[in-house]
Structures are given as C-alpha cells and as structure tokens.
Protein chains: 2
Amino acid sequence: MKTLVKDTTSDLSAQIASALRDAIISGHLRVDQRLPSEAELAEEFNVSRPTVREALKRLAAQSLIRTQRGAFGGAFINRIAFEDAYGQHVTTSTLLLSMNAVSFDVACEARFAMERACAPYAASRRSADHLATMRAEIHRQSQQGLSDESWCASDVAFHRALVDAARNPVLSYQLAGSVEAMQPLMNMITFTARNRETIISLHSEIADFLEICDSVAVEHRLNKLCDYTKTLAHDIIASKSKTK
Amino acid sequence: MKTLVKDTTSDLSAQIASALRDAIISGHLRVDQRLPSEAELAEEFNVSRPTVREALKRLAAQSLIRTQRGAFGGAFINRIAFEDAYGQHVTTSTLLLSMNAVSFDVACEARFAMERACAPYAASRRSADHLATMRAEIHRQSQQGLSDESWCASDVAFHRALVDAARNPVLSYQLAGSVEAMQPLMNMITFTARNRETIISLHSEIADFLEICDSVAVEHRLNKLCDYTKTLAHDIIASKSKTK
DNA sequence: AGACTTTTAAATGTATGACAAATGAAAACT
DNA sequence: AGTTTTCATTTGTCATACATTTAAAAGTCT
C-alpha cells in the first residue's frame with residue numbers, strides 16, 4: 001500500500017491526484033502506459049473506488065490521462081496535444097483577465113509585446129497560406145454591416161495567422177492565451193466604421209510588409225495598432241464615466 | 001431538471017463539468033457565488049451525487065471552484081489567482097515540450113523571443129529590487145562546485161527576475177510557461193566551467209544594460225544567449241550520437 | 001443583559017455494494 | 001480458416017450510509 005505523505009489539509013482525491021501527477025511529470029510513467037485499474041489503485045492507496053475516481057477525473061480535466069472502458073481498458077497516460085492545451089490555456093487566461101480586473105492596457109501591452117516577438121520569424125517564414133488567410137480576414141473585416149462580435153472574431157483570426165506564420169508551435173500555443181483571452185475585453189468596445197477603417201489599413205500594411213519580409217515595419221505597425229486599440233478603450237471608458 | 005444537450009460520446013461528469021464551466025466563463029456565475037449543493041445539482045441534472053462530485057472535481061482541478069465543508073459550505077466560484085494559474089501553466093507547458101518531442105531549438109527560440117519582448121518594458125520599469133535579484137543570482141552562478149541542477153534553477157530565477165522587471169503580470173504569467181518548462185530540457189545539458197563563464201558574462205551585461213535602461217543592448221545579449229544555448233545543446237547531441 | 005457552551009442542521013468527504021455498458025480476447029462453432 | 005458466441009475485465013453510474021466539518025441557533029451561566 002502506498003502511503004500519502006502530503007498535507008492533510010486537502011482531501012484524499014486531491015492527494016492521490018497529486019501523487020499520480022508527480023509520477024507523470026517526473027517521467028516515471030510513460031506516454032500511453034496504463035495505470036492500474038481503479039480497484040487496484042483503491043487498494044494501493046487504501047481508499048474507496050469513488051475516491052480514486054475523483055482523483056482520476058482531476059487528472060482527466062488536465063488532459064493528463066484518458067480512460068477507456070472494457071476489458072484491457074483503463075486509464076492511460078495521455079500525450080498532451082497542442083490543441084488540448086490551447087483550450088485550457090485560453091480558458092484560464094480569459095478568467096485571469098476578467099476576474100482579476102486586469103486593465104485593458106496591461107492585457108493589450110502583453111499581447112502586442114508577444115506578437116512583436118513573433119514578427120521577425122513570421123517575416124522570414126510566412127507561407128502563401130498565411131498571407132492568404134490574413135488577406136481573407138481583412139476582406140471580411142471590410143464588409144459592411146459586420147457585427148462587433150464577428151469583427152472581433154475576425155480580428156483574432158487575423159492575429160492568429162500572424163502568430164502561426166512564425167511557425168513555432170510553442171509561440172503559437174503561448175500566444176493563443178494572450179490573443180484569444182482578450183476577446184471578451186475587445187467585445188466591450190463598439191467599433192465605428194471609422195475605427196474599423198483605421199485598423200483595417202494597419203492590418204493591410206502588416207500583411208504587405210510581411211509579404212516583403214520587412215519585420216521592422218511589421219513591428220512598427222503592431223505598435224501603432226496597440227496604441228490605437230488602447231486609445232479606443234480609453235475613449236469608451238471616458239464616455240461611460242461621463243454618462244454616469 | 002436541466003438537460004444536457006452536449007455530445008453523448010463523453011461521460012456524464014464531463015458533460016456536467018462542461019455545462020458548469022460554460023456558465024462560469026460566460027459570467028452567469030459570479031466570483032464567490034455559491035453553486036447549488038451536490039444533492040441539488042444531482043437532482044437538477046438528474047444524476048447521482050458521485051457523478052456530480054466527479055464533475056466538481058474536474059472543475060476544482062482547473063481552480064475554477066473551491067469547496068468548503070460544513071453547513072453553509074459548498075462549492076464556490078473561485079477567483080483564479082495568478083499563482084494558481086502559474087502552476088497549471090508550467091505543468092502543461094513542461095509536458096507539452098517533453099511529450100511532443102519539441103526540439104530544443106524551437107523551445108529556445110520561443111522562450112528568448114518572448115523574453116526579448118519584455119526587454120523594452122523591463123529596461124524602463126526595472127526596480128532596484130529586480131536588479132538586486134539578478135545580481136544575487138549571478139553571484140550564485142559564479143560559485144564553484146554548483147551542481148548542474150542548482151545552476152539551472154538559478155538561471156530560471158535570473159530570467160524570471162528579468163521578466164518580472166517588465167511589471168506586467170500577464171507577461172510574467174505567460175512567460176512562466178516558456179521559461180520554467182525549459183528546465184527539464186536544460187537539465188540534460190552538462191555545463192562546464194567555461195560554458196558557465198560565458199553565460200555569466202552575458203547575464204552580467206544584461207543586468208548592466210538593464211540598469212542604464214538600454215533595451216536594445218539587452219535584446220542583443222538575449223540573442224547571443226539564445227544562440228549560445230542552442231550551440232551547447234547541439235554539441236551535446238553531436239557528442240551523444242558520436243558515442244553511440 | 002451579555003458572554004460562554006452546547007446543540008443541531010446542513011453540507012462535503014468517504015466507504016460499500018450493486019448493476020450497466022463496453023470491449024477485446026478466447027472459446028465455440030460453422 | 002473464418003465467423004460467431006461467450007466471457008472476464010474494467011469503467012460508468014446509482015443508491016445508501018456514515019463520518020466530519022462548520023456555523024448558526026439554542027441554551028446556560030454569571
């Protein structure tokens with residue numbers, strides 16, 4: 001029987017989950033390796049099966065394991081795919097911003113700082129596909145009568161294409177949190193036709209300079225975009241406080 | 001009774017967790033608000049209490065809720081703190097790198113690209129405290145007989161101080177994943193005295209230029225550090241394949 | 001009346017036992 | 001040999017019971 005030497009403040013399922021998680025992170029358990037059955041784990045840790053199951057669900061929520069029913073089924077160490085991680089990262093980042101009253105400026109600054117970091121690689125590695133995606137989104141943004149929500153979604157898609165153009169999955173993963181998590185904040189802004197025009201022209205320039213591999217110019221336009229976005233947010237806040 | 005219209009492929013606890021998660025993210029449930037009791041949720045979703053508990057544990061694993069025992073206890077929507085998010089982010093990032101065979105170069109490139117993004121802000125906002133932390137770590141790195149593990153830990157501490165100097169919690173949070181997740185990869189490198197000397201001198205220069213607010217020079221040194229680290233890793237790989 | 005103690009109800013934490021459903025291997029059968 | 005059936009194993013779900021914690025409410029003493 002394995003004994004849990006962890007703190008006694010948390011419940012058993014948390015301690016068991018923690019023990020298993022440590023084993024996974026340390027590499028004692030390899031990818032696709034099968035964990036003991038729930039009944040065996042219950043005996044090992046000297047707890048009941050529901051308690052073991054609660055622990056396993058905690059790990060499943062982090063995509064650390066997957067489960068399969070039937071004979072020769074069980075819980076298997078999961079190879080975390082970038083796609084799995086995206087979702088969790090975006091969820092956490094979104095709530096971090098909305099719950100901690102992170103100011104628009106701080107979130108904006110972080111997002112564009114990281115996008116600028118992608119610019120040099122994006123400029124040298126962008127494919128025709130990436131450019132096509134960006135131009136398609138620019139075209140969508142130019143359409144009349146686009147709702148603010150759709151506009152923001154297209155904005156995210158444009159910037160994701162920019163980030164993906166750097167062809168570094170780690171950068172894409174990390175950036176996803178910053179870019180997508182800002183969408184709820186962006187949705188609070190009402191974009192006028194004039195606002196959109198300014199942003200679209202910057203988007204166009206970014207695509208153009210990316211095409212001719214001028215990363216310095218891209219970074220400059222990202223800076224302008226950052227400043228303009230912050231200005232818009234400030235105007236909204238100012239007009240709201242005036243109304244009140 | 002709430003009905004779950006989600007896919008029938010996943011189990012009930014996953015569906016219930018998903019439904020509650022959506023409610024939290026959408027803002028229908030506010031921070032510190034109490035969820036219905038497990039018994040009430042069981043009735044609402046028409047499932048048993050153990051199933052509800054599994055769903056709640058999934059949410060707890062993501063720090064979305066916290067539970068409290070006793071009368072007037074229950075599950076409460078949790079305000080995710082940056083510290084809570086750090087841990088999850090580092091865990092996920094670490095496993096992403098180790099399980100997906102992300103090359104050292106790709107991880108290194110992402111990490112230093114993001115650090116460079118912090119440089120301008122760090123240069124203009126660094127406090128005496130940040131500089132002191134960095135110099136303290138440099139001093140530690142200069143000590144004879146420091147184990148490779150301690151060396152790497154100090155390296156992480158140095159770079160975290162650099163990132164924190166930008167005074168943007170969102171950047172610090174995002175960077176934590178890239179910087180700390182690389183530690184296992186870095187631990188595979190054996191640092192000779194000569195290697196360390198080179199790195200320490202770059203660290204010193206970074207601290208110096210940060211002190212005089214020269215962000216361009218800092219970025220340049222970060223680039224050199226990135227290149228040198230990659231060179232070290234290549235040498236290790238080359239010598240290993242030669243031995244084999 | 002006020003401060004302290006006890007009771008009590010409500011909620012989560014844990015255990016036990018049972019059955020359903022899925023699944024792949026082995027056995028039985030063509 | 002190929003197909004079908006059986007079967008043991010394992011997860012998914014439910015029902016019930018009890019332990020433990022907690023804070024409010026009731027009771028008690030000064």
Side-chain angles (χ1 to χ4, degrees), chain A residues 1-21 24 29 32-78, chain B residues 1-21 24 29 32-78:
Chain A
M1 179 192 107
K2 287 182 187 172
T3 47
L4 295 164
V5 288
K6 286 261 170 175
D7 63 322
T8 52
T9 59
S10 56
D11 42 327
L12 287 174
S13 71
Q15 294 174 46
I16 292 167
S18 184
L20 292 174
R21 183 162 34 234
I24 295 172
L29 301 169
D32 291 337
Q33 189 177 338
R34 182 181 172 280
L35 290 178
S37 72
E38 294 175 354
E40 287 168 329
L41 285 173
E43 199 175 3
E44 270 186 37
F45 289 108
N46 203 30
V47 297
S48 66
R49 192 158 84 93
T51 302
V52 167
R53 281 182 62 79
E54 287 177 10
L56 292 178
K57 294 312 166 197
R58 295 179 114 110
L59 300 180
Q62 294 181 286
S63 306
L64 297 186
I65 60 168
R66 63 178 185 279
T67 54
Q68 202 175 2
R69 302 224 284 198
F72 298 81
F76 297 84
I77 308 296
N78 200 31
Chain B
M1 177 191 109
K2 288 181 188 171
T3 46
L4 296 164
V5 288
K6 288 259 174 177
D7 62 321
T8 51
T9 59
S10 56
D11 40 329
L12 288 173
S13 71
Q15 293 174 48
I16 292 168
S18 184
L20 293 174
R21 183 162 34 233
I24 295 172
L29 301 169
D32 291 336
Q33 189 176 339
R34 182 179 171 281
L35 290 179
S37 71
E38 294 174 354
E40 288 169 327
L41 285 172
E43 200 175 4
E44 269 186 36
F45 288 107
N46 203 31
V47 297
S48 67
R49 194 157 84 90
T51 302
V52 167
R53 282 182 61 81
E54 288 178 10
L56 293 178
K57 295 312 169 195
R58 296 178 112 110
L59 300 180
Q62 293 181 289
S63 306
L64 296 186
I65 59 168
R66 62 177 186 279
T67 54
Q68 202 174 0
R69 301 226 289 198
F72 297 81
F76 297 85
I77 308 296
N78 200 31

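Source: prediction; values computed, not measured. Below, read A as the first sequence line, B as the second, and so on, with proteins coming before strands; counting in each chain starts at 1.
Between the C1' atom of dT14(C) and the CZ atom of F45(A) lies a distance of 16 Å, rounded to the nearest Å. Whole-Å rounding puts the L56(A) CG to dT13(D) C1' distance at 15 Å. For the pair D11(A) CG and dA11(C) P, the computed distance is 19 Å after rounding to whole Å. Rounded to whole Å, atom P of dA15(C) lies 6 Å from atom CG of L12(A). Atoms CD1 (I16(A)) and P (dG13(C)) sit 14 Å apart, rounded to a whole Å. Distance E38(A) CD to dA22(C) C1': 14 Å, rounded to the nearest Å.
Closest to the side chain of S37(A), out of dG12(D), dA15(C), dT10(D), is dT10(D). In this structure, of dT14(C), dC14(D), dA11(C), it is dC14(D) that holds the atom nearest to the side chain of V47(B). Among dT11(D), dT14(C), dA15(D), the nucleotide with an atom closest to any side-chain atom of R53(A) is dT11(D).
Under the 4.0 Å criterion applied to side-chain N and carboxylate O atoms, R69(A) and D11(B) are not assigned as salt-bridge partners.
Annotation for P36(B) and E44(B): closest pair CG-OE2, 3.7 Å, computed over non-hydrogen atoms. Considering all non-hydrogen atoms of both residues, A55(B) and S13(B) come closest at CB-O, 3.3 Å. When all heavy atoms of R49(B) and A42(B) are compared, the pair lying nearest together is N-CB, 4.0 Å. Taking both residues in full, the closest heavy atoms of D32(B) and F76(B) are given as O-CD2, 3.4 Å, listed atom of the first, atom of the second, then distance. In plain terms, the two heavy atoms of A75(A) and I65(A) that are nearest each other are CB-CD1, 4.1 Å.
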Distances for protein N/O vs nucleotides 17-19 of chain C N/O pairs under 3.5 angstrom?
residue	atom	partner	partner atom	Å
dA18(C)	N6	R49(A)	NH2	3.4

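Applying the salt bridge (charged side-chain N to carboxylate O under 4.0 Å, His left out) rule to R34(B) yields no partners; only residues at least two apart in sequence or on another chain are considered.
For the contact set between residues 61-76 of chain A and DNA chain D, defined by any heavy atom under 4.0 Å, the members are T67(A), Q68(A), R69(A), G70(A), A71(A), G74(A).
For dG12(D), neither phosphate oxygen OP1 nor OP2 lies less than 4.0 angstrom from any side-chain nitrogen or oxygen of T51(B).
Distance check: R21(A) CZ to R58(A) CZ gives 8.0 Å after rounding to the nearest 0.5 Å.
Looking at R66(A), its side chain does come within 3.5 Å of a backbone N or O of I77(A) through a donor-acceptor pair.
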